[in-house]
Protein chains: 2
Amino acid sequence: MSELSYFPGALNREDYAQKIAVLFSEHLEKNGLRLTTPRRKILNYLLKADRHLNQEEIYKSLRPQGIGRATVFRTIKMLEDSNLLSRISGISGPPKFEVHFERPHHDHLVCISCGSIQEIQWPKIEKIQEKACRKIGFEVKWHRHEIFGFCPQCAKRQKRT
Amino acid sequence: MSELSYFPGALNREDYAQKIAVLFSEHLEKNGLRLTTPRRKILNYLLKADRHLNQEEIYKSLRPQGIGRATVFRTIKMLEDSNLLSRISGISGPPKFEVHFERPHHDHLVCISCGSIQEIQWPKIEKIQEKACRKIGFEVKWHRHEIFGFCPQCAKRQKRT
DNA sequence: ATCGTTGCAAACGGTTTGCAATTCG
DNA sequence: CGAATTGCAAACCGTTTGCAACGAT
């Protein structure tokens, strides 16, 4: 994730992290909730992670600091509600998460052999999709587009054997 | 589903059902498995359903005939393995299933208000996708493309309130 | 006789919930 | 003080598995 470019001329990573934190606290406040220490820690951990994380990984890393599993789940849910975190369901196993940095929307290429997840941007597809849905009166809120197959490395290995 | 057109000049629904059954039994035979009565019943139930079904619905309908839950799960898995059944994960709750009738590949519009699932075909998107993946060496096996939002009816209701 | 298949019940794994103690405003 | 929040443990729910009985060659 880190090596991916953000919007041209846009905020740098730290500024984004800052912005996300603000957006989260605003969302919480709006709903009569509080930005507490555990919640802040979970968000920070997600923000500085350079990859997709699952609940277990977050929990294990933050457990030494006394954070419980339920809080991880609850915070993830709040972040999703506030539209700052997106969920990626792989081929199997628990879903992974990534913070919505403000960069172009991207979809995922999931390798069914090694499990790696690569990101891909498809502005063209987004447009077609949006247009077609508007035509039939369907109001798009978000979408999930996951391509399953073999990543370049695994595709090669597949052919060798 | 029923009102959707199949390939122009293609087989009618009953012939398709027949064909799927044959494909399934071939798949089973190839793997040293048998097309038993419970398996046939589950497939038939899926074939004559005009909508996406989840495991529970299949089980409940077939339970009176003595079919157990495990068999439903096991048969669903076999049908997926044989590429005759596809899984649709909605916004929440258990996944739903539909038989792969031999019609153009379609994606799904899932209404986050009423839960309805509408189908949509995007030959253009498929092409772009295929091309882009080939370029980066990713070998596509299948994909999941689900769009979440408000269906026409719910979008209207949303605006009224 | 053999080997796949079945339903059952128990186990499983990820997630949610009830609750008493705690924290924060 | 009062309301939101916490960690814990138990409950939950969809799914998988071990198993003894069964079924089909």
Side-chain angles (χ1 to χ4, degrees), chain A residues 21 24-46 52-82 85-97 115, chain B residues 21 24-46 52-82 85-98 115 144:
Chain A
F24 187 39
S25 104
E26 282 174 2
H27 166 85
L28 292 174
E29 194 163 358
K30 209 184 313 174
N31 291 77
L33 306 169
R34 297 167 189 166
L35 182 46
T36 61
T37 309
R39 287 175 190 169
R40 200 188 309 272
K41 278 182 181 168
I42 291 167
L43 177 55
N44 279 340
Y45 188 72
L46 279 160
H52 306 94
L53 299 170
N54 63 35
Q55 170 276 137
E56 184 68 19
E57 292 169 314
I58 303 170
Y59 171 68
K60 277 218 182 103
S61 307
L62 265 27
R63 180 78 275 257
Q65 300 181 45
I67 289 175
R69 199 171 243 117
T71 302
V72 174
F73 275 107
R74 288 190 275 233
T75 305
I76 285 175
K77 183 160 286 175
M78 287 174 200
L79 284 164
E80 286 190 276
D81 287 347
S82 60
L85 194 68
S86 59
R87 173 185 299 246
I88 305 135
S89 309
I91 162 71
S92 75
K96 300 185 166 197
F97 300 91
Chain B
F24 187 39
S25 103
E26 283 174 2
H27 165 84
L28 292 174
E29 194 163 357
K30 209 184 315 174
N31 292 77
L33 306 168
R34 295 168 189 164
L35 182 46
T36 62
T37 310
R39 287 173 191 171
R40 200 188 308 272
K41 278 181 180 168
I42 292 168
L43 176 56
N44 279 340
Y45 188 71
L46 279 160
H52 305 93
L53 299 170
N54 63 36
Q55 170 275 138
E56 184 67 19
E57 294 170 312
I58 302 169
Y59 171 68
K60 277 218 182 104
S61 307
L62 264 27
R63 178 79 276 255
Q65 298 180 48
I67 289 176
R69 199 170 243 118
T71 303
V72 174
F73 276 107
R74 289 189 275 233
T75 306
I76 285 176
K77 183 159 285 175
M78 286 174 200
L79 284 163
E80 286 190 277
D81 286 347
S82 60
L85 193 68
S86 59
R87 173 185 298 248
I88 305 134
S89 308
I91 161 71
S92 73
K96 300 184 166 197
F97 300 90
E98 66 172 350
R144 168 157 66 191

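Chain identifiers are assigned alphabetically (A, B, ...) following the order of the sequence lines, protein sequences preceding nucleic acid strands; residue numbering begins at 1 within each chain.
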What are the atom names and distances for every N/O pair under 3.5 Å that joins the protein to nucleotides 11-22 of chain D?
residue, atom, partner, partner atom, Å
D:dT16, OP1, B:Lys77, NZ, 2.9

Any donor-acceptor N/O pair, B:Arg144 side chain to B:Ser89 backbone, under 3.5 Å:
no
Nearest whole angstrom, please: distance from the C1' of C:dT6 to the CD of B:Gln65.
15 Å
Contacts to DNA chain D from residues 31-43 of chain B, heavy-atom cutoff under 4.0 Å, which residues?
B:Arg34
In whole angstroms, the gap separating P of D:dT6 from CZ of A:Arg63 amounts to 13 Å
Among A:Leu85, A:Asn54, A:Leu53, find the residue that satisfies the side-chain contact (heavy atoms from CB on, under 4.5 Å) test when tested with A:Ile76.
A:Leu85
note: A:Lys96, atom NZ; C:dG14, atom P; distance rounded to Å ~ 13 Å
Gap between atoms OH and C1', on B:Tyr59 and C:dA9 respectively (whole Å)
12 Å
Residues in side-chain hydrogen bond (donor to acceptor under 3.5 Å, both in side chains) contact with A:Arg40, at least two apart in sequence or another chain
none
Can you check the A:Asn54 CG to C:dG13 P distance for me, whole Å?
15 Å
So, the side chain of A:Arg69 versus the backbone of A:Tyr59: is there a donor-acceptor pair under 3.5 Å, distance only?
no
Let's go through A:Lys30 and A:Glu26 carefully: what are the C-alpha distance in whole Å and the side-chain angles of both, what is the deciding distance for salt bridge (Lys or Arg N to Asp or Glu O under 4.0 Å) to 0.1 Å, and is it a yes or a no?
CA-CA 6 Å; A:Lys30 209 184 313 174; A:Glu26 282 174 2; over 6 Å; no
Taking every non-hydrogen atom, the tightest pair across A:Arg63 and A:Gly68:
NH2-N, 4.5 Å
Looking at A:Glu56, I want to see if its CD is surrounded by more than 12 non-hydrogen atoms of other residues, nucleotides or ligands under 6.0 Å.
yes
Between atom CG in B:Leu28 and atom C1' in C:dT5, what is the gap in whole Å?
12 Å
d(CE, A:Met78; P, C:dT16) in whole Å
12 Å
If you count every heavy atom of other residues, nucleotides or ligands that lies below 6.0 Å from A:Glu80 atom CD, does the total exceed 12?
yes
